[in-house]
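Structure first, then comments.
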Amino acid sequence: MKPDEKEFRVGTFHGRHDGAPVEVTATRHDTRPEPYAWTCTCGVARSFTTEDAVFPTAWRHTRLGRDWLDYIVSRTQS
């Protein structure tokens, strides 16, 4: 993932999902309503209004994978 000229990489996390290597890239883009975000090479992405949750959730995603994210998303939509 290559950021555009208004998007800045703020961190990269490496891990595995079911044995397959994945990379999560955390970014900041000041023109978005939720400027802090991360995107995984598995296709999952999340965005946040503050930087507080970006690093912990990106790290957990590389360690626990999609099952963890599906669980969290299902809990927040209830």
Side-chain angles (χ1 to χ4, degrees):
M1 179 179 109
K2 183 177 178 186
D4 67 32
E5 56 189 51
K6 294 182 182 176
E7 184 174 56
F8 302 96
R9 287 186 183 185
V10 293
T12 304
F13 302 85
H14 300 272
R16 295 188 172 275
H17 296 344
D18 300 325
V22 294
E23 181 178 291
V24 172
T25 303
T27 58
R28 187 189 86 226
H29 194 302
D30 292 333
T31 62
R32 291 189 301 226
E34 294 183 321
Y36 298 94
W38 58 256
T39 305
C40 183
T41 53
C42 75
V44 174
R46 301 253 341 249
S47 61
F48 307 91
T49 55
T50 67
E51 65 183 310
D52 297 335
V54 175
F55 291 129
T57 59
W59 184 87
R60 280 192 301 256
H61 181 75
T62 61
R63 298 301 180 261
L64 303 174
R66 294 180 68 112
D67 291 339
W68 170 82
L69 185 62
D70 292 342
Y71 170 75
I72 296 298
V73 169
S74 70
R75 287 188 48 139
T76 58
Q77 293 177 347
S78 304

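In this text, all values refer to a predicted model and were calculated from it rather than measured experimentally.
Under the 3.5 Å distance criterion, the side-chain polar atoms of S47 are left unmatched by any main-chain donor or acceptor of A37.
When all heavy atoms of V10 and F55 are compared, the closest pair comes out as O-CZ, 3.4 Å. Between T49 and Y36, the shortest heavy-atom distance links the atoms O-CD1, 3.8 Å. Contact between H14 and E23 at its shortest, heavy atoms only, is CE1-OE1, 3.0 Å.
Between T25 and T39, every side-chain heavy-atom pair lies at or beyond the 4.5 Å cut-off. At least one side-chain heavy atom of P21 sits under 4.5 Å from a side-chain heavy atom of R16. Looking at heavy atoms from C-beta onward, F48 lies out of side-chain contact with E34 at the 4.5 angstrom threshold. Side-chain atoms of R32 and T27, non-hydrogen and from C-beta on, do get closer than 4.5 Å to each other. For the pair F13/V22, no side-chain contact is recorded, criterion being any heavy-atom separation below 4.5 Å from C-beta on.
Between H29 and T31, the side chains place a donor N or O and an acceptor N or O closer than 3.5 Å (distance only, hydrogens not considered).
Residues satisfying the salt bridge (Lys or Arg N to Asp or Glu O under 4.0 Å) criterion with D52, sequence neighbours excluded, are absent altogether.
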